[in-house]
Amino acid sequence: MKRLELWLYIAQRGSALVLAPLVLLHLAVILYAVSGGLSAGEILGRTRASLVWPATYGLFVVAAAIHAAIGLRVVVGEWTSWRGRSLDVAMFGFGLLLLLLGLRAVRFIA
Amino acid sequence: MRHHPSYRAFLAHRLSGIALALFLPVHLLVLGLAVETAALDGFLDWAAQPMVKAAEAILVVLLALHMFGGLRLLAIELLPWSDRQKDWIGWAAAAALAVGAGFVLRSLA
Amino acid sequence: MTGTLRVEIWRGAEDGRFEAFEVPTQPNQTVLDLVTYVQRKLDPSLAYRFACRVGVCGSCAMTVNGTPRWTCRTLVRKVAADGRVRVAPLRNLPVIKDLATEMAPFFDKGQEARGRFIPSDPSAKAVATIPPEDPKRKEADGGIECIGCAVCYAACDVVAWRPEYLGPAALNRAWTLVNDARDGDATGHLQAVAEDAGCHACHAHQSCAEHCPVGLNPARSIAGLKRLVILAALRGQL
Ligand code: SF4
Ligand code: SF4
Ligand code: FES
């Protein structure tokens with residue numbers, strides 16, 4: 001693809017823009033849930049009440065998978081001698097793995 | 001050559017990013033498995049152990065650091081240049097530590 | 001102040017070693033003075049580069065105690081805190097001999113980044129009027145005084161990790177042209193810096209700005225290029 005690096009860079013920054021508010025939300029959820037030891041029933045009871053939670057966390061998973069895979073590809077390319085097609089394929093696989101694992105986890109709060 | 005604040009901010013961003021990227025699959029896998037096998041309560045019990053809590057606190061700080069540092073980078077790259085971005089490094093680090101402190105305090109409460 | 005100073009100088013090409021010399025100290029001595037003394041008095045076979053000796057030509061850059069610097073304007077007393085000076089060739093460039101590096105890759109990247117003026121009207125007779133308060137003029141002003149010394153290029157870790165990266169000086173030059181009202185090929189400049197080793201490879205860690213001897217901030221110029229390149233790419237103008 002022409003200008004692959006530029007488009008990956010744009011996807012990286014675009015996903016970062018999406019992630020920033022979601023991470024803020026996630027941190028708030030963590031801080032909220034950590035005290036008082038929520039039980040599984042309580043957590044699922046709240047998330048299953050509406051579609052907002054699974055939709056939000058679904059978006060979170062998609063953005064994080066894109067962001068992490070592109071970021072890791074840059075780091076590996078700069079800090080190791082692994083480059084080229086095989087690295088691209090491996091990092092694509094890494095992103096896909098994150099996506100599947102994440103969507104599987106999100107499915108259960110829906 | 002690497003002894004200046006912007007470089008240290010870069011290193012912190014990169015190292016926290018690597019740690020988060022490696023932790024993420026484990027996090028999602030464990031979470032998915034726990035919910036799938038209805039073992040979430042057991043998982044939450046496990047997660048209540050002090051060592052696990054400490055590790056979580058570190059991850060929370062790394063996540064906050066990566067996010068606040070990332071906001072600074074986005075501001076540098078997407079907004080008109082400001083020499084204030086040097087000060088933002090301190091603010092990003094302070095905010096990340098505050099989140100970590102909040103996590104520790106709330107989990108003790 | 002009299003006495004001598006132990007000066008270690010890189011000898012050889014990529015494979016080489018440091019050789020120590022005792023050089024008499026003088027007030028207000030520069031690192032270039034030390035190297036020149038060694039070449040004139042102690043070992044005429046020492047290879048190094050300089051021309052103006054007053055910080056204009058950009059040819060005297062070397063690595064002094066691990067930091068890239070213009071040696072003609074670097075006072076010994078500023079860098080020899082522990083009574084020791086170690087002079088090596090600039091990083092990120094092939095070494096020809098001793099302190100002289102092959103500068104071609106650095107200047108070639110200036111061309112690769114399309115860092116040359118493309119007149120919008122080659123037949124223009126009158127001098128173009130650009131008001132000093134014009135915002136683009138101000139942006140260009142901020143980057144225009146580059147002396148091409150490659151200190152930033154040597155300080156940049158991305159150049160070290162990704163050798164094809166265009167580097168701070170070439171991109172800074174492109175930024176001044178994009179902001180030059182007389183230049184007729186803004187899109188051409190942006191296309192050049194949007195290639196795979198272009199501006200987006202920069203991590204904004206600003207070692208370039210920390211080390212530029214004339215106080216330029218290539219990281220700022222590169223951030224400006226990133227914005228224009230993102231916009232142009234999203235609009236399909238590249
Ligand atoms: S800010 Fe960019 S150009 Fe400057 S040293 Fe860092 S990576 Fe290199
Ligand atoms: S930007 Fe500064 S350090 Fe880089 S080549 Fe120009 S004058 Fe030298
Ligand atoms: S000799 Fe010309 S800049 Fe140092």
Side-chain angles (χ1 to χ4, degrees), chain B residues 1-27 58-100, chain C residues 61-69 79 88 90-92 135-136 138-143 151-161 168 171-172 175 179 199-212 215-231 234:
Chain B
M1 244 172 340
R2 300 175 182 139
H3 302 296
H4 56 94
S6 310
Y7 196 90
R8 281 189 278 268
F10 157 76
L11 262 192
H13 195 70
R14 171 156 291 192
L15 296 177
S16 59
I18 296 172
L20 291 168
L22 297 182
F23 162 74
L24 201 52
V26 184
H27 179 58
I58 293 175
L59 280 166
V60 165
V61 171
L62 290 180
L63 180 62
L65 197 63
H66 199 76
M67 195 246 332
F68 288 118
L71 283 178
R72 169 181 163 268
L73 279 178
L74 286 172
I76 289 180
E77 295 190 336
L78 302 180
L79 303 177
W81 185 268
S82 157
D83 286 326
R84 299 268 289 286
Q85 44 87 13
K86 284 257 161 92
D87 308 339
W88 303 342
I89 299 172
W91 289 113
L97 286 179
V99 171
Chain C
M62 302 168 199
T63 309
V64 183
N65 287 352
T67 304
R69 295 180 182 277
V79 291
L90 271 189
R91 188 170 81 128
N92 291 341
K136 290 181 91 180
K138 283 187 175 162
E139 280 298 338
D141 269 352
V151 163
C152 55
Y153 188 81
C156 177
D157 264 350
V158 175
V159 175
W161 296 334
L171 292 169
N172 176 69
W175 175 244
N179 283 288
C199 59
H200 44 272
C202 163
H203 293 312
H205 50 39
Q206 301 169 53
S207 294
C208 50
E210 289 287 328
H211 292 83
C212 173
L216 305 191
N217 187 344
R220 174 185 178 145
S221 305
I222 296 169
L225 285 177
K226 284 175 178 167
R227 284 195 290 279
L228 293 184
V229 164
I230 292 173
L231 279 180
L234 293 179

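Throughout, protein chains are lettered first and strands after them, A, B, ... in sequence-line order, and every chain is numbered starting at 1. As the structure is a computational prediction, the values presented were derived from the model and not from experiment.
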Indicate yes or no: at least one non-hydrogen side-chain atom of C:Gln206 is less than 4.5 angstrom from one of B:Lys86.
yes

As an exercise, state the distance from [atom1] of [X] to [atom2] of [Y], rounded to the nearest 0.5 Å.
{"X": "B:Leu11", "Y": "C:His205", "atom1": "CG", "atom2": "NE2", "result": "8.5 Å"}
{"X": "C:Cys202", "Y": "B:Glu77", "atom1": "SG", "atom2": "CD", "result": "7.0 Å"}
{"X": "B:Arg2", "Y": "C:Thr67", "atom1": "CZ", "atom2": "OG1", "result": "11.0 Å"}

Considering only residues two or more places apart or on different chains, which pairs with a residue in residues 14-24 of chain B satisfy salt bridge (Lys or Arg N to Asp or Glu O under 4.0 Å)?
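Matches after skipping sequence neighbours: A:Glu78-B:Arg14.
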
Would you please classify the geometry between the B:His4 ring and the C:His211 ring as parallel, tilted or perpendicular, with 30° and 60° separating the classes?
perpendicular

Heavy-atom closest contact ([X] atom, [Y] atom, distance):
{"X": "B:Ile76", "Y": "C:Ala223", "result": "O-CB, 3.6 Å"}
{"X": "B:Trp81", "Y": "C:Arg227", "result": "N-NH2, 4.1 Å"}
{"X": "C:Gly66", "Y": "B:Met1", "result": "O-CE, 3.8 Å"}

Taking only heavy atoms into account, what residues of residues 152-160 of chain C are found under 4.5 Å from chain B?
C:Ala154, C:Ala155, C:Asp157

Using non-hydrogen atoms only, which part of C:Ile230 is less than 4.5 Å away from chain B: side chain, backbone, both, or neither?
side chain

By a 4.5 Å heavy-atom criterion (distance strictly below it), what part of C:Glu210 contacts chain B: side chain, backbone, both, or neither?
side chain

Under a 4.5 Å heavy-atom cut-off, does chain C meet the side chain of B:Leu79, its backbone, both or neither?
backbone

